[in-house]
Amino acid sequence: MDGNGRWALKRGLPRFEGHNRGADSVREVTRACRRLGVRALTLYAFSEQNWNRPVAEVASLMALLRRYLLEERAEIMENDIRLTTIGRTSRLPDSVADPLQELIRDSAGNRSMDLCLALSYGGQEEIGDAVRRLMHQVARGELDPDSVDEERIGRLLWSAHLPPLDLLIRTSGELRLSNFMLWQAAYSELFFTKTLWPDFGEDDLKEALDAFRHRERRFGRTDEQVEVLLQAND
Ligand code: IPE
Ligand code: MG
């Protein structure tokens, strides 16, 4: 969800106004996903690297996050949405961690959609964490190194509870992944838009989903093989 700062700057507003408006986009996009039947939505809200921003900006983002968790709680529960997180959430201040843990706990039985917040998240950190856990299992003699395969690694990732990542959307014109779901994005379709996150709404989401629908996903196979597989599924 990139471009909040530039959105504000263009209007001569402080950066936190961009983040405020970004929270409106979060609400609109989450509602649209729920209505359209998207099974899981992961929002890159705060990266591990974002801790390096000025103290005042980090504080305003944490305050916004707390407000979001308190204000959206009722709607998340009413809509049967399960809230989860990926990332080093132990770094979050109590003012965020408390309402976050409460909502995670209370929404754990919800089934209609997964809303996952990437908080203090980094893709390399996620993979590093999995590697470390595997090393400890090997060191304790619980795991044969030869049995480490991609599936086992995937099961140790923070995102293990999520379905495969189909579509990755990046706003604000940047053409990079910035440490987001590096492992999971191996075969994801990528959608880049110049739209700044506070301007991104339901129409933009539909445009991205429409583009996704027209992509041919081959997973390393040939075009002909994919045609045969698709016909077999009809
Ligand atoms: C994304 O907007 C929000 C967060 C990283 C929390 P930015 O703050 O990165 O906006 P730009 O890139 O400065 O426009
Ligand atoms: Mg940015």
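These figures come from a predicted structure and were not determined experimentally. As the structure lists them, so they are numbered: ligands from 1, and atoms in each ligand from 1.
Close approach to Asn4 involves these atoms of ligand 1, each under 4.0 Å from a residue heavy atom: 1 (C), 2 (O), 3 (C), 7 (P), 10 (O), 14 (O). Listed by atom number, the atoms of ligand 1 under 4.0 Å from Ala45 heavy atoms are 6 (C). In the vicinity of His19, heavy-atom distances shorter than 4.0 Å reach the ligand 1 atoms 3 (C), 8 (O).
The shortest N or O to N or O distance between Phe46 and ligand 1 is not under 3.5 Å. Close N/O approach between Asn50 and ligand 1 is not found [any backbone or side-chain N/O within under 3.5 Å]. At least one N/O-N/O distance between Arg53 and ligand 1 falls below 3.5 Å.
Side-chain contact, His19 with Ser60: no donor N or O sits under 3.5 Å from an acceptor N or O.
The pair Glu75-Arg31 meets the salt-bridge criterion, with a side-chain N (NZ, NE, NH1 or NH2) lying under 4.0 Å from an Asp/Glu carboxylate O. With respect to Asp203 and Lys206, no salt bridge is recorded, no charged nitrogen being found less than 4.0 Å from a carboxylate O.
Counting only protein N, O or S atoms, the number found under 2.8 Å from the Mg ion (ligand 2) is 1.
For the pair Leu162/Met181, a side-chain contact is recorded, criterion being any heavy-atom separation below 4.5 Å from C-beta on. Inter-residue side-chain proximity for Val226 and Glu216 is flagged as met; some heavy-atom pair is nearer than 4.5 Å. Proximity of Val148 to Met135: side-chain heavy atoms (C-beta onward) are nowhere separated by under 4.5 Å.
In the hydrophobic clustering, Leu196 connects to Trp7, Leu13, either directly or through intervening members, whenever side-chain heavy atoms lie under 4.5 Å apart.
Taking 4.0 Å as the cut-off, Ser172 does not count as a neighbour of ligand 1 on heavy-atom distance.
Pairs engaging residues 221-233 under the salt bridge (Lys or Arg N to Asp or Glu O under 4.0 Å) rule: none recorded [sequence neighbours left out].
Looking at Leu9 against ligand 1, nothing comes within 4.0 Å, counting heavy atoms.
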Let me check something: any side-chain donor-acceptor pairs from residues 42-49 under 3.5 Å, sequence neighbours excluded? List them with distances.
from  : atom 1 : to     : atom 2 : distance (Å)
Tyr44 : OH     : Tyr121 : O      : 3.4
Tyr44 : OH     : Ser178 : O      : 3.1
Ser47 : OG     : Gln49  : N      : 3.2
Ser47 : OG     : Asn50  : N      : 2.9
Ser47 : OG     : Asn50  : OD1    : 3.3
Glu48 : OE1    : Ser120 : OG     : 2.6
Glu48 : OE2    : Arg88  : NH1    : 3.2
Glu48 : OE2    : Arg91  : NH1    : 3.2
Gln49 : OE1    : Asn179 : ND2    : 3.4
Gln49 : NE2    : Glu125 : OE2    : 2.9

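Regarding atom 10 (O) of ligand 1, its nearest protein heavy-atom neighbour is Gly5 N, 2.9 Å. Protein heavy atom at the shortest distance from atom 1 (C) of ligand 1 is Met1 O, 2.9 Å.
Hydrophobic clustering (ILVMFWY, side-chain heavy atoms < 4.5 Å, transitive): Leu9 and Met1 are in distinct clusters.
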